[in-house]
Q: 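One structure coming up, written as structure tokens, with questions to follow.
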Amino acid sequence: MNTVLHEVARQVERAPGAVAALDPTAELSYGQLAARANAVADVLRERGTRPGDVVGVVLPRSADYVAVILGIWQAGAVFLPLDPALPPERLRFQQRQAGMSLLLDSLPHAEGAEDTTGLRTGDADPERCAYVMFTSGSTGRPKAVRVSHASLHNCVRAVAELLGPGPADRYAANQTFSFDIALLEMFVPLSHGGATLVTSEALQANPERLVGWLQEHDVTVVHATPTAWHSLLPYLTPGRQELQAVCGGEVLTARLAAELAGRAGRVWNFYGPTEVTVWCTAGLVVAGEPDPLPVGRPLSGYRVLLLDDAGERVPDGEQGEIHVGGPGVALGYGGAPELTAERFVDHPEHGRLYRTGDLGRLCPDGRLWFTGRRDRQVQLRGYRIELGEIECVAQEHPLVELAAAHVVDEGLLLFVQGDVTPRALRKHLATHLPAYMIPSRIEVRGAFPLTPTKKIDRVALLASANR
């Protein structure tokens with residue numbers, strides 16, 4: 001059978017003594033990982049967990065967390081990550097919306113030697129739901145995305161085809177476990193005999209120590225949002241050709257890509273909503289390519305279509321809504337059948353598709369440009385404005401690190417992070433944008449508030465605006 005659990009089980013059988021997961025205080029071999037995962041599955045069954053039940057997990061970051069996920073899958077259950085940093089009411093909402101049956105807040109340990117029976121695969125079924133992952137909720141109510149084992153396995157396999165993991169590879173597991181990228185950070189290497197380096201909360205709070213720990217343990221792949229890469233850049237050792245820097249979750253600028261290229265052998269730009277299983281396109285960044293950078297071509301097995309409002313394909317070079325098909329498309333939203341029917345559509349020609357709400361254009365060579373969100377196009381004084389375009393141009397200024405545009409009180413407000421004056425930035429914007437797109441207010445911040453997934457927290461940023 002083809003699930004991530006089966007792939008890891010094969011690696012346990014192949015090399016039980018090899019390092020599988022490590023954190024700042026512990027290291028687990030593949031055999032030890034199997035023993036702990038088997039123990040978790042046994043405890044879940046003793047507590048009455050049945051195939052298809054949703055198991056919420058609220059545990060500190062550690063190598064053991066990987067075993068918990070494998071144990072949940074072995075029991076045929078669904079993994080629901082719960083971030084303890086979230087407000088209690090938000091956590092209760094997630095538990096209700098996901099249909100949680102059991103909360104796991106402690107780890108059943110199988111101490112001692114490696115498990116000689118290997119990693120049991122139990123009730124893992126490719127068609128069954130593997131996890132529930134909530135969208136960030138930074139713009140609107142969070143949604144419980146249900147993803148199958150088959151979809152996760154397809155994405156792990158497709159990403160592995162690009163990054164080429166093997167027994168010598170070590171991936172940084174630095175994302176919050178409630179961000180779907182974390183599943184790739186753990187299971188792309190573990191499906192191919194490599195290791196996952198699980199960072200602690202203390203390391204995450206200190207970029208210099210974090211980078212030092214990862215480099216000390218010979219990390220080869222790091223996933224991060226562009227916002228997070230800005231905080232890591234000053235501490236990365238230049239010229240690390242063995243390092244692959246993977247960007248996604250936000251727009252990657254050519255300037256940031258160039259800076260990363262000086263510190264990594266390869267820089268990747270990935271794109272994909274949670275509803276299509278982490279990523280659906282990827283591309284290797286080409287040196288010297290100007291903004292806007294493309295987000296690559298479809299991953300293996302995926303279909304990416306640009307459709308107009310009538311559901312017809314738009315010609316290459318013209319803007320359309322990005323629709324995604326293939327085995328990565330999620331099962332739907334938990335507890336929201338009407339929303340599932342609205343966003344997961346059966347197209348008469350192209351089959352089941354997910355309507356992303358994102359806009360894009362296809363390059364002549366087949367690569368995809370992300371051009372913004374349908375819900376971030378605004379009408380102001382008779383003009384249709386794409387807020388993402390303003391942000392992109394602002395970030396081209398050499399003293400601007402990040403930018404976020406909003407409409408407030410019938411005017412444009414632009415927040416920027418960096419060491420630039422509003423006057424200098426307004427002059428820069430005026431050379432690239434029409435007058436109606438120049439913000440009436442510019443507020444410079446030392447640092448932006450971030451969501452748990454290391455994206456700009458636009459709700460908190462707007463709430464902090466000078467009134």
Side-chain angles (χ1 to χ4, degrees), residues 4-5 7-43 57 59-74 79 81 104 106-120 156 160 163 165-177 181-224 232 237 240 242-244:
V4 167
L5 181 64
E7 297 289 359
V8 178
R10 283 189 272 272
Q11 297 304 323
V12 172
E13 183 179 1
R14 184 189 65 83
V19 174
L22 62 156
D23 61 38
T25 62
E27 181 177 293
L28 296 179
S29 68
Y30 274 88
Q32 291 168 329
L33 183 69
R36 299 191 182 194
N38 292 341
V40 170
D42 290 341
V43 167
V57 180
L59 290 169
R61 297 182 62 82
S62 71
D64 284 327
Y65 202 112
V66 184
V68 169
I69 301 173
L70 292 170
I72 290 171
W73 290 341
Q74 187 186 127
F79 167 55
L104 194 61
S106 62
L107 179 70
H109 272 197
E111 303 290 354
E114 298 165 356
D115 197 310
T116 56
T117 63
L119 177 63
R120 302 195 300 267
V156 166
L163 303 183
D169 277 292
R170 294 191 162 197
Y171 280 47
N174 191 46
Q175 309 296 329
T176 175
F177 292 126
I181 297 175
L183 293 169
L184 296 186
E185 294 176 325
M186 290 181 276
F187 295 114
V188 172
L190 291 177
S191 295
H192 295 81
T196 181
L197 283 64
V198 182
T199 62
S200 64
E201 287 87 350
L203 283 176
Q204 289 185 330
N206 189 318
E208 184 174 10
R209 287 183 55 207
L210 170 63
V211 171
W213 185 74
L214 293 175
Q215 293 185 162
E216 175 188 346
H217 288 85
D218 301 319
V219 65
T220 57
V221 177
V222 177
H223 290 75
L232 301 177
T237 302
R240 288 179 59 88
E242 73 280 8
L243 177 64
Q244 298 192 74

Q: Under a plain distance cut-off of 3.5 Å, with no hydrogens placed, do N174 and E185 share a side-chain donor-acceptor pair?
A: no

Q: Output all residues satisfying ring pair (Phe, Tyr, Trp, His ring centres under 6.0 Å) with F177, sequence neighbours left out; order by chain, then residue number.
A: Y65

Q: Mind listing the side-chain donor-acceptor pairs of residues 166-173 below 3.5 Å, one per line with the distance, residues two or more places apart or on another chain?
A:
unit_1 : atom_1 : unit_2 : atom_2 : d
D169   : OD1    : T220   : OG1    : 2.9
D169   : OD2    : G166   : N      : 2.9
R170   : NH1    : H217   : O      : 3.4

Q: Please walk me through it: do V68 and F79 pass side chain to side chain contact (heavy atoms under 4.5 Å, CB included)?
A: CA-CA 9 Å; V68 169; F79 167 55; 5.8 Å; no

Q: For residues P24 and W213, report the shortest heavy-atom separation together with the two atoms involved.
A: N-CZ2, 3.6 Å

Q: Under the side-chain contact (heavy atoms from CB on, under 4.5 Å) test, which residues partner E201, sequence neighbours left out?
A: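 Partners of E201 under the side-chain contact (heavy atoms from CB on, under 4.5 Å) test: P60, R61.
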
Q: As a quick check of understanding, evaluate side chain to side chain contact (heavy atoms under 4.5 Å, CB included) for L70 and L5, giving each step before the final call.
A: CA-CA 6 Å; L70 292 170; L5 181 64; 3.8 Å; yes

Q: Has the side chain of N38 got a donor or acceptor atom that lies under 3.5 Å from a matching backbone atom of L119?
A: no

Q: Does anything in residues 186-197 form a side-chain hydrogen bond (donor to acceptor under 3.5 Å, both in side chains)? List the pairs, not counting sequence neighbours.
A: none

Q: Kindly give the heavy-atom pair with the smallest separation between L59 and L104, and that separation in Å.
A: CG-O, 4.1 Å

Q: With sequence neighbours excluded, tell me which residues meet side chain to side chain donor-acceptor pair (under 3.5 Å) with Q215.
A: T237

Q: I would like to know whether V198 and L22 meet side chain to side chain contact (heavy atoms under 4.5 Å, CB included); could you show each step before the answer?
A: CA-CA 6 Å; V198 182; L22 62 156; over 6 Å; no

Q: Can you name the side-chain contact (heavy atoms from CB on, under 4.5 Å) partners of D218, sequence neighbours left out?
A: none

Q: Can you give me the closest heavy-atom contact between V57 and I72, atom names plus distance?
A: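 Taking V57 first and I72 second, the nearest heavy atoms are CG2-CD1, 3.5 Å.
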
Q: If you look only at pairs with a residue in residues 10-29, which of them pass as a salt bridge (Lys or Arg N to Asp or Glu O under 4.0 Å), with sequence neighbours excluded?
A: E7-R10

Q: By side-chain contact (heavy atoms from CB on, under 4.5 Å), which residues pair with P16, not counting sequence neighbours?
A: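 So P16 forms a side-chain contact (heavy atoms from CB on, under 4.5 Å) with E114.
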
Q: Between Q204 (side chain) and T199 (backbone), is there a donor-acceptor pair under 3.5 Å?
A: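 No; judged by distance alone, with no hydrogens or angles, the pair does not exist.
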
Q: Can you give me the closest heavy-atom contact between Q175 and I181, atom names plus distance?
A: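 Closest heavy-atom pair between Q175 and I181: CG-CG2, 3.9 Å.
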
Q: Could you grab the distance from atom CG of L190 to atom CG of L184, nearest 0.5 Å is fine?
A: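 Those atoms lie 11.5 Å apart.
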
Q: Return the minimal non-hydrogen interatomic distance between R36 and D64, and the atom names on each side.
A: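 Scanning both residues completely, I find the closest heavy atoms to be NH1-OD1, 2.6 Å.
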
Q: What are the two closest non-hydrogen atoms of V12 and G118, and how far apart are they?
A: CG1-CA, 4.0 Å

